Amino acid sequence: MTNAQSMPNRSKSLFERAVQIIPGGVNSPVRAFKAVGGNPLFIDKADGSKIYDADGNEYIDYVCSWGALILGHNNAAIRDAAITAAQRGMSFGAPTEAEVKLAEKIVSFIPGLEMVRMVNSGTEAVMSALRLARARTGRRKVIKFEGCYHGHADAMLVKAGSGALTTGVPDSAGVSENIAGDTLVASYNDLAGVDELLRKRDVACVIVEPVAANMGVVLPKEGFLSGLKNLCGAYGALLVFDEVITGFRLCKGGAYEYCGVAADLVTYGKIIGGGMPVGAYGGKREIMELVAPDGPVYQAGTLSGNPVAMAAGLAALTALENQEVYDRIDRMGERLAAGLSEITRRYKVKARVNRAGSLVCLFFGIDSADDCKSVKKADTERYARYFHAMLSAGACLAPSQFEAMFVSYAHTENDIDETLDRAETAMRRVIPRAAAPL
Ligand SMILES: *Cc1c(COP(=O)(O)O)cnc(C)c1O
């Protein structure tokens with residue numbers, strides 16, 4: 001697990017060039033290996049479940065572009081759709097049929113969703129949804145949950161998950177106190193805490209990841225999401241589901257189908273771009289009609305609804321019309337989670353495996369993971385060693401304890417079994433010498 005091992009030559013020299021001109025050598029902090037030590041691999045190409053670094057090493061990939069690639073890398077239908085679209089022009093700055101088709105597709109998938117607006121990232125989708133919620137309610141405050149990540153809009157960089165949790169910088173520098181002061185923070189799965197924050201009736205919306213997937217994977221307890229819906233209704237606040245990860249990941253019909261709760265506004269990203277930069281937000285017509293040019297809430301984007309991105313997204317969602325995709329990724333997720341649990345038991349490693357469909361997380365050192373407070377106790381040092389041992393063995397995980405493993409439709413049973421073999425090898429390397437398998 002020395003850096004030299006996970007730092008082959010081409011990646012190393014690319015990283016040395018990158019750090020000279022790009023902060024930290026990366027264009028998104030979660031890609032850096034700060035939490036696990038070492039330096040990021042530079043990627044040359046990827047196909048199906050496999051990713052190849054600049055030195056030609058092959059890994060079974062469980063990052064899959066942070067969940068965007070639910071069908072796996074280099075999916076032929078998505079790639080062909082993007083190429084065909086690109087041949088007609090990269091961007092027009094005017095409406096195209098592809099935008100209409102993708103919007104129609106999204107709306108057809110999600111019960112209760114009536115209108116959507118395309119943007120370029122999950123961050124933009126959330127930022128716009130919050131603005132809309134404030135306009136709709138005439139209120140200023142928003143409630144988020146500790147450990148949930150909603151992109152890097154100022155208002156959401158308060159007790160955020162993912163990179164912010166990993167680097168131990170829960171609040172970003174450069175966010176004004178006024179803005180941060182309008183963001184109230186509750187604990188995931190704690191309805192009483194939310195009730196208390198809502199009492200002043202100055203909260204525009206409660207935003208939540210229906211399954212939290214940016215502090216590892218934390219599942220909503222029975223009644224948590226419906227409880228939020230009821231509380232929001234009682235106090236006149238809107239409920240916003242941030243489905244940038246969960247949307248089209250857990251099932252075709254999103255959180256509504258997953259938990260039977262309809263939010264007032266929903267945000268999407270990742271999967272809906274098929275690997276291209278896309279986000280979207282949507283809701284009921286009467287709320288969405290407040291958005292410009294229909295209404296007074298301004299929100300715009302030079303490249304929004306980009307034809308190449310729309311074509312890629314449409315191809316992805318079209319593939320997801322096949323229920324067999326979900327049946328299979330769930331089955332693979334279950335196989336992976338069960339196998340990991342079994343290995344930790346056999347090696348007497350204190351751990352907790354959480355799973356929601358194809359989202360899997362192995363937490364070291366804790367036996368429950370229901371909120372940010374509990375996951376923060378995870379043994380990140382052991383994760384770092386495990387991460388590097390997995391990398392050496394040929395499996396690419398996120399370089400942080402607080403991220404999900406994303407299983408894609410390209411992952412075969414064989415990939416999962418191979419991964420479990422590698423995980424067992426890795427586990428042997430991270431446990432103290434004295435501990436022997438049962
Ligand atoms: C990734 C993510 C975002 C931010 O999306 P970007 O496209 O990275 O801006 C927002 N919310 C959730 C739940 C996410 O996982």
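Order of appearance sets the numbers: ligands from 1, and atoms from 1 within every ligand. The model shown is predicted, which means the values in this text are computed figures rather than measured ones.
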| note | for atom 1 (C) of ligand 1, nearest protein heavy atom and its distance come out as Lys270 NZ, 1.6 Å
| If we only count N/O pairs under 3.5 Å, is Gly122 in contact with ligand 1? | yes
| message | So, taking the atom named CG in Asp182 and the one named CD in Glu177, what distance separates them when rounded to the nearest 0.5 Å? | response | 12.0 Å
| ligand 1 and Asn214, any nitrogen or oxygen pair closer than 3.5 angstrom? | yes
| query | Quick one: which ligand 1 atoms are inside 4.0 Å of a heavy atom on Glu209? | reply | 13 (C)
| field | atom 11 (N) of ligand 1 - nearest protein heavy atom and its distance | value | Asp242 OD2, 2.6 Å
| request: For atom CZ of Phe92, decide whether the heavy atoms of other residues, nucleotides or ligands shown that lie under 6.0 angstrom number more than 12. | output: yes
| remark: A student checking ligand 1 against His150 at a 4.0 Å heavy-atom cut-off should list atoms 10 (C), 11 (N)
| query | Side-chain contact, heavy-atom cut-off 4.5 Å: Gln401 with Cys361? | reply | yes
| request: Within a distance under 4.0 Å of any heavy atom of Ser121, pick out the atoms of ligand 1 and give their elements. | output: 7 (O), 9 (O)
| query | Think Arg328 forms a cation-pi with Tyr409, using NZ or CZ under 6.0 Å from the six-ring centre and within 45 degrees of its axis? | reply | yes
| Which heavy atom of the protein is the closest neighbour of atom 8 (O) of ligand 1, given with residue, atom name and distance? | Thr123 OG1, 4.5 Å
| request: Using the side-chain hydrogen bond (donor to acceptor under 3.5 Å, both in side chains) rule, pick out the option among Glu124, Gln299, Arg117 that qualifies with Tyr281. | output: Gln299
| field | For Ile245, the ligand 1 atoms whose distance to one of its heavy atoms is below 4.0 Å | value | 15 (O)
| Does Glu243 come within less than 4.0 Å of Arg249, counting only side-chain N to carboxylate O? | no
| Short side-chain to backbone donor-acceptor contact, Arg352 and Ile366, under 3.5 Å | no
